[in-house]
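Below is one structure; the comments refer to it alone.
Here is the naming used below: chain letters follow the sequence lines, and residue numbers restart at 1 for every chain.
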Amino acid sequence: MFCNIVFPIPLQQKFVYFLPEQIIKQFSNNEIRSLVGSRAIVDFGPKKDVIGVIVDVKEKVEFDKNIKPVKTIFDTKPLFSFEQLEFAKKIANKYFVSLGMVLNQFFPYEEKVKFTQSIIVSQNVKRVKLDVNVKYLEFIKDKKLLVFDTINEKFLFYTNIIFDIINKEKQLIILFPSNVYLIDFWKFLLKNINGESVLLVKSKVMLYTGELPVKERFRVWQLLRNKQINVVLATKVGAFLPFENVTNVVIDEADSLGYKNQEVPMYHACDIVQERVKTYNIVLNYSFFIPSAEFFYKNRKSVKFIKSCDNLAKIKVVKGELKKIILENIYKFKQTVVIFPYKGYARFCVCCICKHKIPIKKMVSEGFLCPKCGSKYYELRGTGIQKFVQKLYDINKNLTIEYIDSTLNTKKIEKIINDFNNEKIDVLVATPLLFNYIYRISFANVKSVYFVCLDSLLYSGSYLCYENVYRFITLCKVLLNSYNIADGEICLEIFHQKEYNDVLLSEIKVFFKKELKIRKELCFPPFCEVIKITLVSKNKNKLEDIIDIAKEKIRSVYLIEDIISEDKMFKVEIFIKMDKNFEYQMVQIKELILSKFDVRFDKVYVEYNPVL
DNA sequence: AGCACGCCGACT
DNA sequence: GTCGGCGTGCTC
């Protein structure tokens with residue numbers, strides 16, 4: 001008997017090994033096919049004792065060189081199910097990556113941690129019935145996409161669903177876009193249960209993130225598959241968990257970038273779940289404060305708006321009223337939140353010799369040299385958040401002002417938020433990064449949220465600019481609603497008012513209707529799909545060859561960025577707008593690229609619906 | 001990728 | 001003389 005094995009390396013090949021008598025005997029009670037999906041230890045090339053995954057078993061093979069034996073089977077029961085294996089193959093094909101690498105994303109099997117399959121200790125936890133408010137169970141009955149208007153309501157929804165699942169011995173996975181959100185909810189959950197239930201909930205609900213030690217991840221993986229736990233709270237890696245007993249999946253803020261893998265393969269966890277769920281009978285729900293227009297459109301027939309708070313916050317368009325508002329709030333001992341679009345101190349640097357202007361973000365960290373004239377002298381121009389805060393002190397020297405942007409480390413940001421929550425800060429100035437901490441900020445004493453110079457966000461040229469601004473506004477509403485601020489106000493500072501800007505003040509449904517109409521006319525997502533292929537190579541000619549062939553042969557290619565060089569490497573980006581022959585075209589492109597590419601020097605990144 | 005082998009230049 | 005750079009080939 002022989003088997004094919006894949007390894008967590010970029011080689012897109014299977015390797016044949018033979019199964020010695022001893023191993024066949026060991027597994028003969030079961031069917032020998034049950035080895036598929038198990039890990040095996042083999043010698044591979046010059047390396048000894050490498051872990052790979054068995055992907056198929058067969059009687060005969062055509063291979064004329066010496067075939068090495070499988071040394072040990074690492075698992076008593078396959079780590080990967082048939083469905084997981086088949087799905088991994090699809091992903092490997094879609095993202096031009098090796099199957100072994102994809103499986104390693106499913107579960108980091110290559111780490112030489114000795115897993116024992118029988119570590120499960122049956123906990124003797126007293127079963128108690130958890131109280132469930134049926135109102136929350138109604139939400140998922142017929143609707144798929146849920147939109148909440150307060151933080152509390154969303155968390156209560158999760159809590160009640162979890163309790164119901166535990167009571168009924170079903171299985172649920174909730175995905176969160178970041179570790180931080182997951183922990184925030186976990187704390188909320190533990191705070192809202194009493195004595196007896198705590199033990200039960202702690203034994204039936206587990207966390208699963210990429211940051212956990214592999215041993216702990218394996219434990220959760222096993223417990224879920226063996227039906228010993230009911231709920232897993234996970235980040236994007238949760239999309240690969242064993243789904244065979246799962247009955248429900250809920251994805252929190254599904255269009256968040258937190259679900260996108262930054263490494264190869266650049267999968268989006270929601271796409272993975274959406275596809276895998278089809279194999280089983282799993283109810284999938286999305287929960288949002290504000291979905292993207294794209295997500296809303298794709299689920300438009302099944303949306304439920306959950307109104308738990310009368311919308312009391314006023315929204316108005318203003319021009320240069322920040323000083324006045326801050327002063328008014330100070331006299332009332334109220335706090336002000338200011339959203340400012342630019343991070344850092346300045347926005348550009350200008351060359352002193354030739355006056356060439358370069359955005360700060362494009363500057364190389366040390367040793368500035370003007371790309372036009374080579375001068376090393378420059379001045380800073382434009383107002384970043386730091387400079388803006390300095391100017392705010394002109395209003396009143398005794399104000400306590402702090403700012404938050406991505407130049408600060410997380411510890412500092414946490415401290416500022418803490419001080420703000422304890423009302424030690426009068427004015428909090430922040431870039432939209434602030435919304436990453438949405439569950440941590442207390443708006444209990446906030447009167448106004450002021451968006452400075454929205455023009456810069458509204459007229460930036462991206463097709464998403466109105467949507468982004470609208471979403472920020474809605475998140476502010478959620479925060480004000482969550483702390484029940486009756487007289488809260490949201491101020492939008494717009495200097496060049498355009499007629500279309502009225503959409504920002506409209507209801508969610510109206511906003512989506514108007515936005516989608518424009519998207520359809522101009523053919524932007526969700527009315528088309530964009531694929532970005534990034535090629536990196538040491539050899540510029542190779543890239544030029546591929547571009548020439550791609551331009552000539554592949555119809556759907558609509559944009560090829562110029563070749564740029566970075567650190568002796570050359571990079572080119574190819575954009576494809578998806579059409580009906582999508583699959584066929586991708587096969588064509590894959591063959592073209594992989595036939596010319598060498599895994600040692602060249603890299604391919606395939607991204608679906610990239611952030612433009 | 002990760003490793004071995006092999007071919008050249010710069011060194012005690 | 002040899003130590004070590006990296007270009008090339010291979011992995012069942």
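Atom-to-atom, CE of A:M101 to P of B:dG2 comes out at 10 Å; the value is rounded to the nearest Å. Distance CZ (A:F44) to C1' (B:dG2): 9 Å, rounded to an integer number of Å. One can place CD1 of A:I41 at 16 Å from P of C:dC12, the figure rounded to the nearest angstrom. A straight line from CZ of A:F7 to C1' of C:dC10 spans 14 Å, rounded to a whole angstrom. Regarding A:K47, its NZ atom lies at a distance of 10 Å from the P atom of C:dC12, rounded to whole Å. Whole-Å rounding puts the A:N4 CG to C:dC12 C1' distance at 9 Å. For A:K65 and C:dC10, the NZ to P distance is 8 Å, given to the nearest whole Å. Separating the CD atom of A:Q13 from the C1' atom of B:dG2 is a distance of 14 Å, rounded to the nearest angstrom.
In this structure, the ring of A:Y267 has its center no less than 6.0 angstrom from the ring center of A:Y95. Note: A:F107 and A:F240 fail the aromatic proximity criterion, with ring centroids not under 6.0 Å apart.
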Apply the test side-chain contact (heavy atoms from CB on, under 4.5 Å) to residues A:K68 and A:V42: give CA-CA distance (whole Å), side-chain angles for both, the deciding distance (0.1 Å), then the verdict.
CA-CA 8 Å; A:K68 290 182 185 173; A:V42 295; over 6 Å; no
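Geometrically, A:K357 engages A:F348 in a cation-pi contact defined by less than 6.0 Å to the ring centre and at most 45° from the axis. A cation-pi arrangement is absent between A:K532 and A:Y605, since the terminal nitrogen or guanidinium carbon is not both under 6.0 Å from the aromatic centre and inside a 45° cone about the axis. Geometrically, A:R519 does not engage A:F524 in a cation-pi contact defined by less than 6.0 Å to the ring centre and at most 45° from the axis.
Residue A:F63 is classed as a base contact, given a heavy-atom separation below 4.0 Å to a base. Heavy atoms of A:L11 sit under 4.0 angstrom from at least one base atom. Using a 4.0 Å heavy-atom cutoff across all strands shown, A:D43 reaches sugar-phosphate atoms only and no base atom. Using a 4.0 Å heavy-atom cutoff across all strands shown, A:N66 reaches sugar-phosphate atoms only and no base atom.
Closest to the side chain of A:K68, from the set C:dT11, C:dC10, C:dC12, is C:dC12. The side chain of A:F15 sits closest to C:dT11 out of C:dG9, C:dT11, B:dC3. Side-chain proximity of A:P46 to the nucleotides C:dT11, C:dC10, B:dA4 is greatest for B:dA4.
Between A:D255 and A:R471 there is a salt bridge, with a side-chain nitrogen of the basic residue lying less than 4.0 Å from a carboxylate oxygen of the acidic one.
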Table of protein N/O atoms under 3.5 Å from nucleotides 4-7 of chain C N/O atoms:
none

